[in-house]
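Note that ligands are numbered from 1 as they come in the structure, with each ligand's atoms numbered from 1 the same way. Note that the numbering runs from 1 along the sequence shown for the chain.
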Amino acid sequence: MTANGQIKAVVFDLDGTLIDSAPDIAAAVNRVLAEHGWAPLATAYVERFIGDGPKTLLLRILQEQGLPTDDAFVEASKVAYLKNYAEAPATHTTFFAHVAEDLKALKASGLRLGICTNKPHGLTQTVLSILGIADLFDSAIGADAVPRRKPDAAHLLAVVEAMGLGKDEIAYVGDTDVDSACARGAGVPFFIVPWGGGPHVVDADATRISRLRDLLFHLGRTSPEGVPA
Ligand SMILES: O=C(O)COP(=O)(O)O
Ligand SMILES: [Mg+2]
């Protein structure tokens, strides 16, 4: 991508891209199910539904489990889920391998960092603070802080605007088709991480990276050999 030489910032998806939040999300879902006497679900099962926000998460799980899916029940389940999640936002959440050190390497190269996530905005700030990486990001915008969330490109463009940049100056990194569609809609380069348990990304034009520091090479910051281990 010839335009990558002008890239000044990298915007990241959060769940499934930077952090493995699935254990805490599954615990919050399982508390909702337990209130009705329903059996808990495995983390790997719940993980498949993360990436399009809490309402879709709950709706798709209820659908697959043959549980009630009327609007009122889904809404009440979402409210209960968010309350549970807010009570334990990062008890079992971890970074994927090398993420913390690679974010610092990207930042040290002069790239600016942002986050565009379908996690609620308040929870996003809380989790970033608990994990000690809030200060790395110029802007981190959750789904309920914008009029139209991912996959709508407006969500990503709101992050770009908050960073005082133009869309030609950023790349987006994510783990699901929601992220891919958002990047494509905004017309920005998109990179896929190899981890995360969400739906398989079908975007054949996206660049797959093996770890975040590979972005230094792709964005023309240094040669692969020159990247500190
Ligand atoms: O679906 C969510 O709640 C958040 O997912 P995201 O961080 O991958 O956008
Ligand atoms: Mg994700």
Side-chain angles (χ1 to χ4, degrees), residues 10-29 32 43-62 74-75 77-86 88-90 92-96 99 103 113-131 133-134 137 139-146 148-159 171-186 188 190-203 206 208-209 212:
V10 184
V11 180
F12 296 92
D13 168 58
L14 183 56
D15 293 322
T17 296
L18 297 183
I19 60 171
D20 182 4
S21 49
D24 286 316
I25 289 176
V29 168
V32 176
T43 295
Y45 175 87
V46 173
E47 192 176 25
R48 293 166 42 218
F49 305 105
I50 301 172
D52 197 22
K55 185 167 183 183
T56 305
L57 173 84
L58 268 303
L59 176 61
R60 293 189 57 207
I61 288 174
L62 293 171
V74 173
E75 184 60 26
S77 299
K78 188 190 88 174
V79 170
Y81 160 79
L82 288 174
K83 180 173 173 290
N84 297 340
Y85 193 15
H92 304 292
T93 294
T94 54
F95 294 110
F96 290 106
V99 162
L103 283 175
L113 310 180
I115 288 179
C116 173
T117 172
N118 271 340
K119 189 183 280 302
H121 190 71
L123 267 167
T124 298
Q125 312 306 321
T126 302
V127 169
L128 293 176
S129 295
I130 292 172
L131 296 176
I133 56 167
F137 302 97
S139 174
I141 301 185
D144 53 343
V146 285
R148 285 170 297 151
R149 65 173 178 85
K150 286 190 299 183
D152 197 304
H155 190 169
L156 181 55
L157 295 176
V159 177
Y172 190 46
V173 183
D175 70 311
T176 71
D177 280 327
V178 171
D179 307 317
S180 162
C182 182
R184 293 294 169 226
V188 309
F190 180 58
F191 295 88
I192 304 174
V193 294
W195 47 77
H200 179 66
V201 178
V202 294
D203 185 346
R208 287 160 204 277
I209 53 175
L212 299 187

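- Among the atoms of P120, none of the N or O lies under 3.5 angstrom from an N or O of ligand 1.
- Residue contacts with ligand 1, taken as heavy atom pairs separated by less than 4.0 Å, involve D52 solely via the backbone atoms N, CA, C and O.
- For C116, no nitrogen or oxygen atom sits less than 3.5 Å from a nitrogen or oxygen atom of ligand 1, counting backbone and side chain alike.
- Evaluation of the side-chain hydrogen bond (donor to acceptor under 3.5 Å, both in side chains) rule for T56 yields D52 as partners, not counting sequence neighbours.
- The two residues L123 and P89 have their closest heavy-atom pair at CD2-CB, 3.9 Å.
- With hydrogens and angles disregarded, a donor-acceptor distance shorter than 3.5 Å links the side chain of T17 to the backbone of D175.
- Annotation: K150 places an N or O atom under 3.5 Å from an N or O atom of ligand 1; distance criterion only.
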side-chain contact (heavy atoms from CB on, under 4.5 Å) assessment of F190 paired with D203: CA-CA 9 Å; F190 180 58; D203 185 346; 4.0 Å; yes

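- Here is the list of ligand 1 atoms found below 4.0 Å of a heavy atom in T117: 4 (C), 6 (P), 7 (O), 9 (O).
- In terms of distance to the Mg ion (ligand 2), the nearest N, O or S atom of D13 is named OD2.
- Atom 4 (C) of ligand 1 has D15 OD2, 3.0 Å as its closest protein atom, hydrogens excluded (heavy atom only).
- Closest non-hydrogen pair, D13 versus G174, comes out as CB-CA, 3.8 Å.
- Within D175, the N/O/S atom positioned nearest the Mg ion (ligand 2) carries the name OD1.
- Taking the Mg ion (ligand 2) as reference, the nearest N/O/S atom within D15 carries the name O.
- For ligand 1, the atoms sitting less than 4.0 Å from at least one non-hydrogen atom of K119 are 2 (C), 3 (O), 4 (C), numbered in the order shown with element in parentheses.
- Ligand 1 does not have G16 within reach: every non-hydrogen atom of the residue lies 4.0 Å or more from it.
- Distance check for D179 against the Mg ion (ligand 2): none of its N/O/S atoms falls below 2.8 Å.
- Distance from atom 8 (O) of ligand 1 to its nearest protein heavy atom, with residue and atom name: D13 OD1, 2.6 Å.
- When atom types are taken as modelled, the side chain of H155 and the backbone of I141 share a donor-acceptor pair closer than 3.5 angstrom.
- A side-chain donor-acceptor contact under 3.5 Å links Q125 to the backbone of A140.
- Side-chain atoms of Y172 come within 3.5 Å of backbone atoms of C116 as a donor-acceptor pair (strictly under, hydrogens ignored).
- In this structure, D15 contributes its side chain and S21 its backbone to no donor-acceptor pair below 3.5 Å.
- Heavy-atom contacts of L14 reach the following atoms of ligand 1: 7 (O) (cutoff under 4.0 Å).
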